[in-house]
Amino acid sequence: MTDTGYPAPRCQFYERVKVKGGFRYDLINVSGPNGFDRFVTPHPPAVGDLISLWDAHRERGGVYRVVDRAWHHSSYGSTDWPYGSQAPKRGPLLDIVVEAAGGLFVDEVSDESGAQDG
């Protein structure tokens, strides 16, 4: 991986939950060494990816599918990207919306006949 001089994005995850009349978006608190309940990574998950997350405040987790993303970038001259700097001091914020998913092997069934392949 080459260093571009730009900091990695700070990812913030929201679980989309279907409710009567629409959706509710619950923040998933992925507490870590970076603080702010954000996950810092140079490789954020793309729409359609499966990701395992643990909500430290609600003490629960699971496998989620990324359904949407929205980038928030610092403006040149802001406190995160001061005038004269080549790059922002902190990476952009990436809001990621996820929905609960069953995981990779959702439709896996056991063979009740006892037969073995091969």
Side-chain angles (χ1 to χ4, degrees):
M1 180 170 88
T2 59
D3 184 12
T4 62
Y6 291 91
R10 299 167 291 143
C11 301
Q12 192 163 262
F13 297 91
Y14 295 89
E15 180 181 7
R16 181 166 77 178
V17 180
K18 189 160 183 63
V19 295
K20 185 177 180 181
F23 294 99
R24 181 183 75 232
Y25 296 86
D26 297 331
L27 177 66
I28 298 174
N29 297 291
V30 289
S31 297
N34 315 36
F36 307 112
D37 295 327
R38 295 181 181 133
F39 180 69
V40 178
T41 177
H43 306 287
V47 172
D49 282 354
L50 291 177
I51 183 170
S52 294
L53 297 171
W54 177 258
D55 188 321
H57 293 150
R58 292 187 281 176
E59 295 186 348
R60 68 178 185 89
V63 177
Y64 300 91
R65 183 174 312 283
V66 176
V67 294
D68 214 346
R69 305 185 330 167
W71 289 93
H72 306 277
H73 291 276
S74 301
S75 297
Y76 185 66
S78 69
T79 56
D80 282 341
W81 192 354
Y83 288 114
S85 297
Q86 289 295 108
K89 292 190 296 185
R90 297 190 322 173
L93 179 61
L94 176 59
D95 286 337
I96 301 176
V97 177
V98 298
E99 287 182 335
L104 288 176
F105 307 104
V106 176
D107 296 325
E108 182 177 349
V109 295
S110 62
D111 182 3
E112 298 293 329
S113 70
Q116 295 181 8
D117 291 335

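Computation of the quantities below employed the complete heavy-atom set of this structure, encompassing side-chain atoms and omitting hydrogens, waters and symmetry-equivalent molecules.
- One finds the SG atom of C11 at 10.0 Å from the CG atom of L53 (value rounded to the nearest 0.5 Å).
- In this structure R24 satisfies the salt bridge (charged side-chain N to carboxylate O under 4.0 Å, His left out) test together with D26, sequence neighbours excluded.
- At least one side-chain heavy atom of I28 sits less than 4.5 Å from a side-chain heavy atom of Y64.
- Here the closest non-hydrogen pair linking D68 and V47 is CA-CG2, 4.0 Å.
- With Y25 as reference, V97 is the one residue of D95, V17, V97 to meet the side chain to side chain contact (heavy atoms under 4.5 Å, CB included) rule.
- Minimum heavy-atom separation, V63 to S52: CG2-OG, 3.8 Å.
- Here the shortest heavy-atom pairing between A101 and L50 reads CB-CD2, 3.8 Å.
- Under the 4.5 Å side-chain criterion, counting only non-hydrogen atoms from C-beta, F39 is not in contact with Q12.
- Applying the under-4.5 Å side-chain rule to Ile, Leu, Val, Met, Phe, Trp and Tyr, the cluster around Y76 extends to W81, Y83.
- Sequence neighbours left out, the pairs with a member in residues 39-57 that pass salt bridge (charged side-chain N to carboxylate O under 4.0 Å, His left out) are D55-R58.
- Put simply, the side chain of R65 gets close to the backbone of G48: a donor and an acceptor are under 3.5 Å apart.
- W54 and V30 fall into different hydrophobic clusters, defined by Ile, Leu, Val, Met, Phe, Trp and Tyr side-chain heavy atoms under 4.5 Å apart, directly or through other members.
- Between L27 and F13, the shortest heavy-atom contact is CD1-O, 3.4 Å.
- V98 and V19 are members of different hydrophobic clusters when ILVMFWY side chains are connected at heavy-atom separations under 4.5 Å.
- Taking every heavy atom of both residues into account, A100 and E15 meet most closely at CB-OE2, 4.3 Å.
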